[in-house]
Each structure stands twice: as structure tokens, then as C-alpha cells.
2 protein chains.
Amino acid sequence: MDFNSKYGKCPIYYTISKIQGKWKWVILYKLYKSKMIRYNRLWNDLKPIAHRTLSKQLKELEADGLVHREQYNEVPPRVEYSLTEDGKTLAPILELMSDWGAKHIDSDTEN
Amino acid sequence: MDFNSKYGKCPIYYTISKIQGKWKWVILYKLYKSKMIRYNRLWNDLKPIAHRTLSKQLKELEADGLVHREQYNEVPPRVEYSLTEDGKTLAPILELMSDWGAKHIDSDTEN
DNA sequence: CCGTATCCGTGCCGATACTG
DNA sequence: CAGTATCGGCACGGATACGG
């Protein structure tokens, strides 16, 4: 494996590097399930996430072309987030990750 | 979504929390593809990873029951790592992540 | 060969307060 | 409502050296 170039030519390393951050996968999953969701709704669903964190990770996802941001100049302001076409290609991974987690939460004795 | 309990009852959050760490997905992928691999081989393939990092993440994966460690008391010592049955259930995700990365590395203009 | 010990930088992330 | 600004802690991970 060659890590000299930026993403090391290791496909899976590229993927996890691109979607790094404690909440990014969860954010993507939420957007995937909601199709479209307002900032505050997202924030409430993901609480206890901090504003700064949510905002920053959304911005990064947007810059990476995975998330689309639509702003309506109303009063009060409204902003809706959704997956881009590129972002939607992650859907199978999101589903599998969620399924895997669901199966293993149960088998954990605690909780 | 409820994050009061340890894993917040959010399956995908559980998954990424369990497999957190800059290299864990790559390590798992390597083990998946190799079936079984010696420590030094792994270290070479993942270079520039630090010993401390590789060792620690392997230990955590072992503690989480995803990776099996087999030690042979020879001279020189030999240790082989492989996926447990539980670890193998991640295979579809590993495949998809790798595929996704492969597709998107190409479409990145740089590199 | 296969790690652990030690030390240390930095980058992520959270709390809180403030703005258009 | 939808964020940004500022500040700070701390956990993660890297370099290096040493041990079984």
C-alpha cells in the first residue's frame, strides 16, 4: 500500500479520510433518511452535538460535494440540507452500517 | 435520536463509535483481504503508521471481539492476526467502502 | 520479531456567547 | 432561525527508544 500520495491510493483509506469526523456518518444517515431537513431539526435530532461541530461538519460535507445546502431568504430564515447525487451513492454503506450497529447493540449485554 | 445511553440507541453511531480510529477500517480491510497476516507485514503495508498506533488499535479491535490474535512461541516470535467470525460480518461494508473510494479517487482531479 | 514506554504536539470537538 | 466567534481541554496519534 502506498501512502505517499495524498490519499495513499488505498481506496478505503480515501473513503474514511473523506468522511472523517465524529458525526459525519450520522449526519449523512439522517439526511439520507429525511431526504431534506432543516438545520434546527437536525440539531435537535443529533443533540448533544454542539452548534460549532454540526455547522463545521456540514460545511465540510458541502465542500466535498456530498451535501447540498438550500437557503431561503425568509423571515425567519430557513435552510434545508439534503444529499447530493454523489452523496446518495453512499446509501448502501449507510444502510449496512446502521444494520450492523442494530444487530450488535442488542448483543451487547449492557444497555 | 437518544444519546443519553451509552451508544445513544442510534445504530450507525454505535458502529462508528466502535470502529473509531484513523486506521481501524484500513486494518480490518487488510485482515479481511489477507485472511491472516503477521504483525510486521501489516506494519509494512500500512506504513507510515507508528508502532504505537498499530499496536493500540489492534488491541482495541481484539478487545471488541473483531480481531483474533494468535501467538506462536517461536524464535523469532511470530504473531498472526485475523478477523473473528464477528469481524467477518463487516465484510460487505469493507467491500463497499473500498469500492466507493476507488470510484471517487479517479474523479478527483488531483493525484 | 513483536511489541510497550515515554513524551509530546495538534487537531478535534464541546461550552458558551453573540450576530444577521 | 441559522449560524459564527472565541476559548480551552483532552484524547488521539506520531517519533523515538527500549524490552522480552
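Labels below follow one simple rule: chain letters A, B, ... track the order of the sequence lines, proteins then strands, and each chain is numbered from 1.
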Quiz item: Nearest-Å distance, CD (A:Glu80) to C1' (D:dA2)?
Solution: 13 Å

Self-check item: Interatomic distance, A:Ile27 CD1 vs D:dA2 C1' [rounded to whole Å]
Solution: 15 Å

Practice problem: Would you mind listing every salt bridge (Lys or Arg N to Asp or Glu O under 4.0 Å) that reaches into residues 54-77 of chain A, with sequence neighbours excluded? | Solution: A:Lys24-A:Glu60, A:Glu74-A:Arg78

Quiz item: Quick one: A:Ile37 CD1 to D:dG3 P, roughly how many Å, whole number?
Solution: 12 Å

Practice problem: Give one of base, sugar-phosphate or nothing for B:Arg41, where a contact means two heavy atoms less than 4.0 Å apart. | Solution: nothing

Exercise. With sequence neighbours excluded, tell me which residues meet side-chain hydrogen bond (donor to acceptor under 3.5 Å, both in side chains) with A:Thr53.
Key: none

Quiz item: Rounded to the nearest Å, what distance is computed from the CZ atom of residue A:Arg38 to the P atom of nucleotide D:dC1?
Solution: 7 Å

Quiz item: Is there any salt bridge (Lys or Arg N to Asp or Glu O under 4.0 Å) pair reaching into residues 33-42 of chain A, and which pairs are they, with sequence neighbours excluded?
Solution: A:Lys33-A:Glu95, A:Arg41-A:Asp45

Quiz item: Sequence neighbours excluded, which residues qualify as side-chain contact (heavy atoms from CB on, under 4.5 Å) partners of B:Thr84?
Solution: B:His68, B:Asp86

Practice problem: Return the set of residues passing ring pair (Phe, Tyr, Trp, His ring centres under 6.0 Å) with B:Trp100 (not counting sequence neighbours), or none when no residue passes. | Solution: B:His104

Exercise. Can you sort out the partners of B:Lys22 under side-chain hydrogen bond (donor to acceptor under 3.5 Å, both in side chains), two or more places apart, ordered by chain and number?
Key: none

Quiz item: With a non-hydrogen cut-off below 4.0 angstrom, is B:Tyr72 in contact with a base, only sugar-phosphate, or nothing?
Solution: nothing

Exercise. Round to a whole Å and report the spacing from CD of A:Gln71 to C1' of D:dT4.
Key: 14 Å

Quiz item: Angle, rounded to 10°, between the helical axes spanning five pairs at each terminus of the helix from C:dC1-D:dG20 to C:dG20-D:dC1?
Solution: 50°

Quiz item: How close or far is atom P of D:dA2 from atom CD of A:Glu62, stated in whole angstroms?
Solution: 15 Å

Practice problem: Not counting sequence neighbours, which residues clear ring pair (Phe, Tyr, Trp, His ring centres under 6.0 Å) with B:Tyr81? List them please. | Solution: none

Exercise. Give the B/S/- string for nucleotides 13-20 of chain D, one per nucleotide from 5' to 3', where a protein heavy atom under 4.0 Å of the base yields B, of only the sugar-phosphate yields S, and otherwise -.
Key: BBB----B

Quiz item: Who are the ring pair (Phe, Tyr, Trp, His ring centres under 6.0 Å) partners of B:Trp43, not counting sequence neighbours?
Solution: B:His51

Quiz prompt | Test side-chain hydrogen bond (donor to acceptor under 3.5 Å, both in side chains) applied to B:Gln20 - qualifying residues, sequence neighbours left out | solution = none

Quiz prompt | Main-chain N/O of B:Met36 paired with B:Ser82 side-chain donor or acceptor, under 3.5 Å | solution = no

Quiz item: Just by distance, do the side chain of B:Thr89 and the backbone of B:Glu85 share a donor-acceptor pair under 3.5 Å?
Solution: no

Quiz item: Which is the 5'-most and which the 3'-most nucleotide of DNA chain C that has an atom under 4.0 Å from a heavy atom of chain B?
Solution: C:dC1 to C:dT6

